[in-house]
Amino acid sequence: MKHFLTLNDFNKNEILEMIDLAFEIKNDLKNGKRKHELSGQTLGMIFEKSSTRTRVSFETGMYQLGGHALFLSSKDIQLGRGEPMKDTARVISRMVDMVMIRTFSQSSLEEFASFSKVPVINGLTDAYHPVQLMADYMTMIEHGKDKNPIVAYVGDGNNMTHSWLLLAAKLGFELRVATPKGYEVDSDILQKALTLATQSNATIIITNDPKEAVKGADVVTTDTWISMGQEDEKEQRVKDFDGFIVDDALMAEAAKEALFLHCLPAYRGYEVSEEVFEAHADEIFSEAENRLHAQKGIMVWLDTHRG
Ligand code: CP
Ligand code: NVA
């Protein structure tokens, strides 16, 4: 049985298999065909943080696959009152067929998975957001940006950045990351990505200069400067991220017709300007829609690899 906890749980072929499956499922849906691959199954969705896209895409995706999804907010279940993760895992995984968790630490997610009888999917932790990257990669393919692309990430060295590092390192493309000083990516995760990159021929460049990162890039991406759980740091972060907004001047450094991706929610005037956001709204909202298709691909793939 496989869990989907980070992109490092899979090799390149497996990642591409899930992406292919996602495209097949997306095409079927667009052609009015709904195959009920997960007929009669239940997905438990545990949320310890807020969500719009992750909740709606998993719940709708599971329904479209013939299954059912349970929204379990930690505010409402006993987990929020101190029931241990490992007990929650042993209870829920005896009743449902798959679990998605959005939580704080990657180690809580791993603990849940180690006690779970069913596949567990990472719906975002402080360290990673791997399901988002599957949707992002689908969007790159749809825009013809998957052949040796140069991707530039500008902003906070956070869960999104870490997932980009692993995607680039697994698939073998060039990723440039520009963060302000003091907001660099986690050094262990970077090391892991650099090691993987030697096998995949990926290039990973780390800088504190947004222009250097974006120069000639085929894809430019960013994320909020203030992730969930960091609300108290807002004032300081806004000061420290001065100069890191993706605006027209920065996009002018990128390749012609560069794609701009944002996992959303976006905060205009902070990590991205209103002009850049609206000029790229089509691709950004396709990226959001691809969450639905990507995660259906992931769930069907995990279901067929239960062993
Ligand atoms: N991008 C993303 O995961 O959005 P939500 O927080 O709304 O789920
Ligand atoms: N880095 C952001 C991503 C939101 C989808 C956060 O963790 O809040």
Side-chain angles (χ1 to χ4, degrees), residues 4-7 22 43-62 69 71-75 99-109 121-140 153-167 177-180 183-186 189 219 221-234 237-238 240-241 244-246 260-268 270-272 277 280-281 283-299:
F4 191 96
L5 306 185
T6 80
L7 293 172
L43 173 74
M45 306 188 299
I46 300 173
F47 281 92
E48 294 205 87
K49 292 177 175 177
S50 306
S51 169
T52 299
R53 280 143 289 269
T54 305
R55 177 178 177 183
V56 175
S57 53
F58 269 108
E59 193 162 332
T60 304
M62 196 59 189
F71 173 66
L72 305 165
S73 160
S74 59
K75 288 193 197 88
V99 174
M100 182 242 86
I101 310 181
R102 170 167 285 198
T103 186
F104 291 87
S105 77
Q106 185 73 15
S107 59
S108 308
L109 172 77
I121 302 172
N122 182 350
L124 180 147
T125 61
D126 291 346
Y128 296 107
H129 196 6
V131 289
Q132 177 70 53
L133 267 288
M134 298 294 275
D136 293 9
Y137 194 62
M138 282 182 78
T139 315
M140 284 169 61
Y153 176 97
V154 176
D156 189 20
N158 64 12
N159 44 12
M160 279 300 298
T161 334
H162 296 152
S163 299
W164 273 109
L165 281 171
L166 290 188
L167 187 76
V177 174
T179 66
Y183 295 92
E184 284 89 358
V185 296
D186 177 89
I189 295 174
V219 179
T221 185
T222 184
D223 182 22
T224 181
W225 295 340
I226 300 123
S227 284
M228 290 180 275
Q230 298 172 336
E231 290 76 9
D232 295 348
E233 299 170 31
K234 180 170 179 182
R237 283 177 167 262
V238 169
D240 295 343
F241 281 80
F244 278 76
I245 186 170
V246 179
F260 173 75
L261 296 178
H262 195 309
C263 67
L264 303 176
Y267 300 90
R268 279 112 157 148
Y270 293 92
E271 77 273 9
V272 61
F277 187 92
H280 294 271
E283 56 227 45
I284 295 169
F285 291 107
S286 295
E287 176 190 5
E289 181 195 320
N290 280 334
R291 292 290 304 278
L292 171 70
H293 312 301
Q295 290 156 194
K296 287 165 78 181
I298 294 166
M299 290 192 287

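We count ligands from 1, going down the list as the structure has it; atoms in each ligand are counted the same way.
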ask   = What about His129: any of its N or O atoms under 3.5 Å from an N or O on ligand 1?
value =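 The answer is yes, given that His129 and ligand 1 share an N or O pair closer than 3.5 Å.
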Proximity to ligand 2 by part of Leu264, non-hydrogen separation under 4.0 Å =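 For Leu264, the contact with ligand 2 is made by the backbone alone.
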ask   = Considering only heavy atoms, does Asn159 approach ligand 2 within less than 4.0 Å through its side chain, its backbone, both, or neither?
value =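 Looking at Asn159 and ligand 2, just side chain atoms fall under 4.0 Å.
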Which residue and heavy atom of the protein sit nearest atom 6 (O) of ligand 1, plus the separation =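 Checked against all protein heavy atoms, atom 6 (O) of ligand 1 sits closest to Arg102 NH1, 2.8 Å.
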task = Could you point out which residue of Tyr267, Phe244, Phe241 forms a ring pair (Phe, Tyr, Trp, His ring centres under 6.0 Å) with Trp225?
result =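 Single ring pair (Phe, Tyr, Trp, His ring centres under 6.0 Å) partner of Trp225 among Tyr267, Phe244, Phe241: Phe241.
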message = For atom 1 (N) of ligand 2, which of the options Asp223, Thr54, Asp126, Thr52 provides the nearest non-hydrogen atom?
response =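 Considering heavy atoms of Asp223, Thr54, Asp126, Thr52, the nearest to atom 1 (N) of ligand 2 sits in Asp223.
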Best match, Ser227, Ser50, Ala127: closest heavy atom to atom 6 (C) of ligand 2 =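 Looking at heavy atoms only, the winner is Ser227.
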message = Show the nearest heavy-atom pair for residues Val238 and Ile226, with the distance to one decimal.
response =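 Closest approach of Val238 to Ile226, heavy atoms only: CG2-CD1, 4.3 Å.
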message = Exactly one of Val177, Leu7, Leu133 should register a side-chain contact (heavy atoms from CB on, under 4.5 Å) with Trp164. Which one does?
response =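 So the option named by the test is Leu133.
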ask   = Applying a 4.0 Å heavy-atom criterion (strictly less than), which segment of Leu264 is in contact with ligand 1: side chain, backbone, both, or neither?
value =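 Looking at Leu264 and ligand 1, just backbone atoms fall under 4.0 Å.
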task = Kindly write out the residues that satisfy side-chain contact (heavy atoms from CB on, under 4.5 Å) with Ser51, not counting sequence neighbours, or none if the list is empty.
result =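 For Ser51, the residues satisfying side-chain contact (heavy atoms from CB on, under 4.5 Å) (neighbours in sequence not counted) are Phe47, Thr54, Arg55, Arg102.
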Residues Lys49, Asp126: salt bridge by 4.0 Å N-O rule =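 The answer is yes: the pair qualifies as a salt bridge.
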